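Here's the structure we're looking at; comments come further down.
Chain letters run A, B, ... following the sequence lines, proteins first and then strands; every chain starts at 1. Predicted model only: the values in this text are computed from it and were never measured. We use all heavy atoms of the structure for the numbers below, so side chains are in, but hydrogens, waters and symmetry mates are not.
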Amino acid sequence: MTHRKTAALLSIIPGMGQFYNKQFVKGFAFLFLAVCYFIAFLDFLNIGLWGIVTLGTEVPRDHSIFLLVNGVISILVVGIGLAFYYFNLYDAYQNGKKRDNGLELSTLKEQYHNVVDKGFPYLMVGPGFLLLIFVVIFPIIFMLLLAFTNYNLYNSPPAKLVDWVGFKNFIEIFSLDIWRETFVSVFAWTIIWTFTATTLQVAVGIFLAVVLNQKEIKFKGVIRTLLILPWAVPAFVSILIFSGLFNDTFGAINQSILAPLGIDSLPWMTDPFYTKIALIFIQSWLGFPFVMAMTTGVLQSIPGELYEAATVDGASNWDKFRKITLPMILFTTAPILITQYTFNFNNFNVIYLFNNGGPAVADQNAGGTDILISWIYNLTMTSAQYSKAAAVTVLLSLIIVSLALWQFRKTKSFKDEGMI
Amino acid sequence: MKKLLALPLTFALAASALAACGPQEDSSSTGGKKETASDKPEKLVIWEDQEKGAGTEDAIKKFEEKHGIKVELKEIPMLDQQEKLRLDGPAKKGPDVITTPHDRVGPLAIEGLIAPIEISDDVTKLYTESSINALTYDGKLYGLPKSTETPVFIYNKKQMTEAPESLDDVLAFSKGDKGGAQYGFLANWTDFYFANGILSGYGSYVFKDDNGTLNPEDLGLANEGAVEGLDYITSWYKDGLFPKGIIGEKAGQTIDGLFQEGKVASVMNGPWSFQGYKDAGIDIGVAPMPKLPNGEYVKTFIGVKGYNVSAFSENQEWAAKLVEFITNEESAKTRFEKTAEIPPVVSLMEDPLIADNEAAKAVAVQSERGVPMPNIPEMAEVWAPAANALQLSATGKSEPKAALESAVKTIGQNIKANHSK
Amino acid sequence: MSIKTARRIRLTLSYLVLLSAIAIVVYPILWVIGSSFNPGNTLSSSTIIPENATLTHYKKLFAETDYLIWYWNTLKICFITMVLSVIFIGLTAYAFSRYKFIGRKNGLLLFLILQMIPQFVAILAIYILAYQVGLLDTHFALILVYVGGLIPMNTYLAKNYYDTIPKELDESARIDGAGHFRIFWQIILPLSKPILAVIALFSFISPFADFILASILISSDEKMTLAVGLFNMIKNEFGNSFTLFAAGSVLVAIPIGLLFLSLQRYFISGLTAGGTKG
């Protein structure tokens, strides 16, 4: 038998292969870590894996949702354990291979340097990724699993256990009239909202940056600071203020701005059309400073010669903007702009805080300005339909993630990612 | 080679974990509740509604002295308490006693978040029958009432000399000089909570009451009375007596603001608003709601706030004792003096303290005329569609009948989708 | 039309545009400030220039609410979040910019996209996790969640910024025998101040705006944050403390505004290089 096979086989018990390769310190480290892992996690994994399969067997001892959470954590812990285990096997195999080929194994000191050298990026990325796994990945797995349970008001711990129900929630979403009927109109508005609101905030941001960046404009710093203000005020504060200002009868927009101009009060809060206009306006107000700040920098980095050459060729200002400035901005900031779109697609806060999705619209199950996310929230949370909420969120996520992925792939910025 | 090894190992690990696993089946640990019955706990935690702690402090102090148990009071907005209990309870961070509006009792009981309590008939007799019923779900009593409330007619004494007898009088007043105010009367009638009083007064109902059991399949929100009622509501908006600015989500706050500034002579609102109005320097008068044009009383929703014992409490019997203590006659009286919450305690209704108090009296009288808010979980499906119907009719986008029928259809569908057991 | 006239017209138009933009931006903010000095309780009762200006609401804020405690808690959370974020993001982005490792190519993109998934159902999971590890009702849990949420986007920005720093710099340092960490510390770090300033600012202000996570993870009154405290003032349908809320908000916005102002210099250059990829 070759060394590599023997070493790898021995490493079924972590560290043994390393001992066989006479790398005692490393072998001991592996063994020690493995023992620690089992001592620390065995009980937890035991309950966790049992829990995620059964979701509990006895009321009120077992709380299904807690068991589900523990189960997800267990899976993550097992995953990390397996990664470590795989590395242990891989290491034994590689060093065995070196011996087979008659190469010298690294000394302890060399090993140390090797770890520091090769491991350095992992060391730097590790803590952040670990945090991300628990803050981002873990909740998503939980939600995904929840979508396949029957967790709702009537199957709710501590009174009842939650059970796995397969694809029942997904089937019901598509088979219930009430969901289907409203879905189309809400979806349509969600798309319109995402595109108009985001595009407007981007357009305003770019436009103001370009105007402000002209050589002759004075007080640039002061103006820029004033224009960035909406960013400095927490968004929920601004949205709530707006909701007062837009009141049909008593709001300042109708009373102090439109009235002196001789315009009759507009039904900002009671007519869906005007509420939509107001919402798009508010989102632009909230979102443009970020785009403006970013664009300002891009403008400052465009080489002046480009414009000079264009002037020589007799290009007008508009031509210059269209042919040089705009492509430059869009090209360089595309990935960030995409995140702005996806952000608005899920922009629950502005819809909810401004008018709670209202005003009412006849014969539909959602308010006139409800977007998918706020609609789902109302539908499921008022009647404690958690698993259905999870199922719809899963579907929604599929849409967003695939759209975003597709767009990201299209931008050039991500294509040269492989190179250093 | 590597893969070949990894696969069986994964299975082995998974299999061993699943086979030998699960919690040790020692069901003794579940019996914790009963054991502690006689043991005095060191501390009980009670969640009181926001800004209402003052009313309960005295009672708590006496309870502490009497039993030697420390009681910790925390103020948490009442409507947030259920959500928090759902999370904090299993995490063992929850309270022993929570404050709940009675319409949440059904859902909370189904979820198993609150526990039924054993209270002798001698004690339950202290409270009005309707308030005890409101806290009963599926034949079990889930708490004791702390206060009862219902919207009443509140007027600015400077602008309105006395409470009108009927809403027709209010209408005339609103069309007339309005006592110098900008509006004669405002009410948040696109919120179903307030509008139901009118609709019910004309003969509608939410769920049919079959001898004390509500039937969620029989909806009465689009019957003749309801349509008539909504017609009446809509007329206030149509005539411009109610401005558009009080339609929708934020109407309540807007009306409050206008009344506090003296721009409205009278409003329909609940007892929770009295203090704020007084603080704003308004000399308020309070009366039961004026009669409807058809001669009936406005049948407002009655809300009963109660104290319930958390199902997660390890000392449920002591928690129940605490509930009993802080809702007894003496504590209720103190509470009324401190926070003006009107207790549904029979003996206190005749007590001069309440009988001679105009506001309390008005609430008590109006409570007798109202209907309890349904406490079955299906009620959750009613609020939004009903509010939509009110709003659509008020803005003239739908006819009252069509709006209500559509609402009932939606409510029915939602109940079927979300509450079929 | 002479070039001069054309230029004058263009400039006049530009100033007009900027002025109207400023007016639109500032108007609602002036309302917040104005209503905080109004004696009434609601926005509708307020005027933009208060008739009887009063400091009642500010006094009430300090006398009747735990505003100072919230403020202190929030500042603490913001500061630690900021420090941790800058460290985590700075290091992670450095690795992404300069090293080869498994997951480099798609790791970041993956997290950026995963973050787009709506999380309102998932908050339950975070709550239970925090309970399991004994971090419920601690600021530390909140900070960890904030930092985690800040990593993907900001790492992306920082990585792009690092990419603009010539690699020859680290290479020559390496030839001189400098270790990984020293290169980062002595060469990259000083050169990346602008983007770090941007990240610091972003991470500092994000806890100010969150009223959802904080209200769920924190249960003790004495640990409450500003956003939750302020939001509670107005979310109650029957609550009527809009002007109090406005006063509280003004006091929040002032330090953030000043921070923006003082960091503006870094801000634009950092954000640009970070957000772009030429």
Using non-hydrogen atoms and a 4.5 Å limit, figure out which bit of [X] sits close to chain A: side chain, backbone, both or neither.
{"X": "B/E381", "answer": "side chain"}
{"X": "B/P385", "answer": "neither"}
{"X": "B/A417", "answer": "both"}
{"X": "B/T410", "answer": "both"}
{"X": "B/Q391", "answer": "side chain"}
{"X": "B/K244", "answer": "both"}

When you measure from the side chain of B/D96 to the backbone N and O of B/S313, does any donor-acceptor pair fall under 3.5 Å?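 Not confirmed, B/D96 side chain does not pair with B/S313 backbone.
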
Are the side chain of A/D100 and the backbone N or O of A/R4 linked by a donor-acceptor pair below 3.5 Å? yes

State the OH-CH2 distance between B/Y237 and B/W189, to the nearest 0.5 angstrom. 8.0 Å

Which value, rounded to the nearest 0.5 Å, describes the distance between A/L279 atom CG and A/T369 atom OG1?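 Rounded to the nearest 0.5 Å, the CG-OG1 separation comes out at 5.5 Å.
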
Which atoms of [X] are under 4.5 Å from chain B, going by heavy atoms: the side chain, the backbone, both sets, or neither?
{"X": "A/S243", "value": "side chain"}
{"X": "A/N355", "value": "both"}
{"X": "A/F354", "value": "backbone"}
{"X": "A/P157", "value": "backbone"}
{"X": "A/I173", "value": "neither"}
{"X": "A/D271", "value": "both"}

Between A/N152 and A/N155, is any side-chain donor less than 3.5 angstrom from a side-chain acceptor?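 A donor-acceptor contact under 3.5 Å links the two side chains.
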
Quick one: of B/A380, B/G248, B/P243, who has the most non-hydrogen atom pairs under 4.5 Å with chain A?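 Most heavy-atom pairs within the cutoff with chain A belong to B/P243.
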
Mind ranking B/L390, B/N414, B/I246 by heavy-atom pairs under 4.5 Å with chain A and telling me who comes out on top?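 It is B/N414.
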
Between A/F30 and A/F87, how do the two ring planes meet: parallel, tilted or perpendicular, split at 30° and 60°?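 If you compare the ring of A/F30 with that of A/F87, the planes turn out tilted.
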
Once you measure the plane-to-plane angle for B/Y142 and B/Y137, does it fall in the parallel (<30°), tilted (30-60°) or perpendicular (>60°) bin? tilted

Heavy-atom distance under 4.5 Å between the side chains of B/L221 and B/V382, does that happen here?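 Sidechains of B/V382 and B/L221: in contact.
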
Short N-O contact, B/K401 and B/E405, less than 4.0 angstrom: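 Judged by the 4.0 Å cut-off on N to carboxylate O distance, B/K401 and B/E405 do form a salt bridge.
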
